[in-house]
Amino acid sequence: QVQLVESGGGLVQAGGSLRLSCAASGHTFSAATMGWFRQAPGKERAFVARISARGISTYYTDSVKGRFTISRDNATNTVYLQMNSLKPEDTAVYYCAAGGWGVSPREYTSWGQGTQVTVSS
């Protein structure tokens, strides 16, 4: 399995930007699709974005298209989520995940501890 550690969360005003990072350890990183999910208080964990093993294919949930960009660097075992034009409704704990492909959290086998993103209005 892949071990994952997220960083880069924080408090930002609406319209601002944050860049989340997810550092992975384990020899399978470069072969794994990576995903970002988020969980707001009182809500289920929800899909945000995913990127294929070589970074060729990406997919986003509709609410973040055009604002968020997922990328990865297989040389450093890191996946990123660049978040621009942030809105208060983006407030959540953000998790990176590995071992899956689809949009359901149940498909992913490895998870980080999460990083809090808070967007003030």
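Quick note: residue numbers are just sequence positions, from 1.
- Taking all atoms of both residues into account, the shortest heavy-atom contact from Thr78 to Thr76 is OG1-O, 3.0 Å.
- Judged purely by atom type and a 3.5 angstrom limit, Thr91 uses its side chain to pair as donor or acceptor with the backbone of Val119.
- Of all non-hydrogen atoms in Asp73 and Ala75, the two that sit nearest each other are OD1-N, 2.9 Å.
- Not a single donor-acceptor pair under 3.5 Å links the side chain of Gln13 to the backbone N or O of Ser120.
- In this structure, CG in Leu81 is found 11.5 Å from CE in Met34, a value given to the nearest 0.5 Å.
- One distance of note links OG1 of Thr33 with OH of Tyr108; it measures 6.5 Å at 0.5 Å rounding.
- The same ILVMFWY cluster, assembled from side-chain heavy atoms under 4.5 Å apart, contains both Val64 and Leu18.
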Could you please spell out the steps behind the side chain to side chain contact (heavy atoms under 4.5 Å, CB included) verdict for Val93 and Arg45?
CA-CA 9 Å; Val93 177; Arg45 194 167 297 189; over 6 Å; no
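- Follow the hydrophobic side-chain contacts under 4.5 Å out from Phe68 and you reach Val12 in the same cluster.
- Nearest heavy atom pair, residue Ile51 against residue Ser71, reads CD1-CA, 3.6 Å.
- Leu11 contributes atom CG, which lies 9.5 Å from atom CD of Gln116 (distance to the nearest 0.5 angstrom).
- The shortest heavy-atom contact between Ala14 and Ser121 is CB-CA, 4.4 Å.
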Would you sort out whether Tyr95 and Cys22 count as a side chain to side chain contact (heavy atoms under 4.5 Å, CB included), showing the intermediate values?
CA-CA 9 Å; Tyr95 299 89; Cys22 175; over 6 Å; no
Could you go through Glu6 and Leu20, starting from their C-alpha distance and side-chain angles, then the distance that decides it, and tell me whether this counts as side chain to side chain contact (heavy atoms under 4.5 Å, CB included)?
CA-CA 7 Å; Glu6 302 96 335; Leu20 305 184; over 6 Å; no
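- In this structure the side chain of Met83 never reaches within 4.5 angstrom of the side chain of Asp90, judged on heavy atoms.
- Every residue meeting the side chain to side chain contact (heavy atoms under 4.5 Å, CB included) condition with Glu107, not counting sequence neighbours, appears here in chain and number order: Ser104.
- The CD atom of Glu44 sits 8.5 Å away from atom CD of Gln39, with the distance rounded to the nearest 0.5 Å.
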What donor-acceptor contacts under 3.5 angstrom involve side-chain atoms of residues 54-63, with partners at least two apart or in another chain?
unit_1 : atom_1 : unit_2 : atom_2 : d
Tyr60  : OH     : Ile70  : N      : 2.9
Asp62  : OD1    : Lys65  : NZ     : 2.9
Ser63  : OG     : Arg38  : NH2    : 3.4

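- Cluster membership check: Trp36 shares its hydrophobic cluster with Val2, using side-chain heavy-atom separations under 4.5 Å among Ile, Leu, Val, Met, Phe, Trp and Tyr.
- If you run side chain to side chain contact (heavy atoms under 4.5 Å, CB included) between Cys96 and each of Val5, Val48, Leu4, only Leu4 comes through.
- Looking at every heavy atom in both residues, Ala24 comes nearest to Phe29 through CB-CD1, 3.3 Å.
- Between the Arg72 side chain and the Ala53 main chain, a donor and an acceptor come within less than 3.5 Å of each other.
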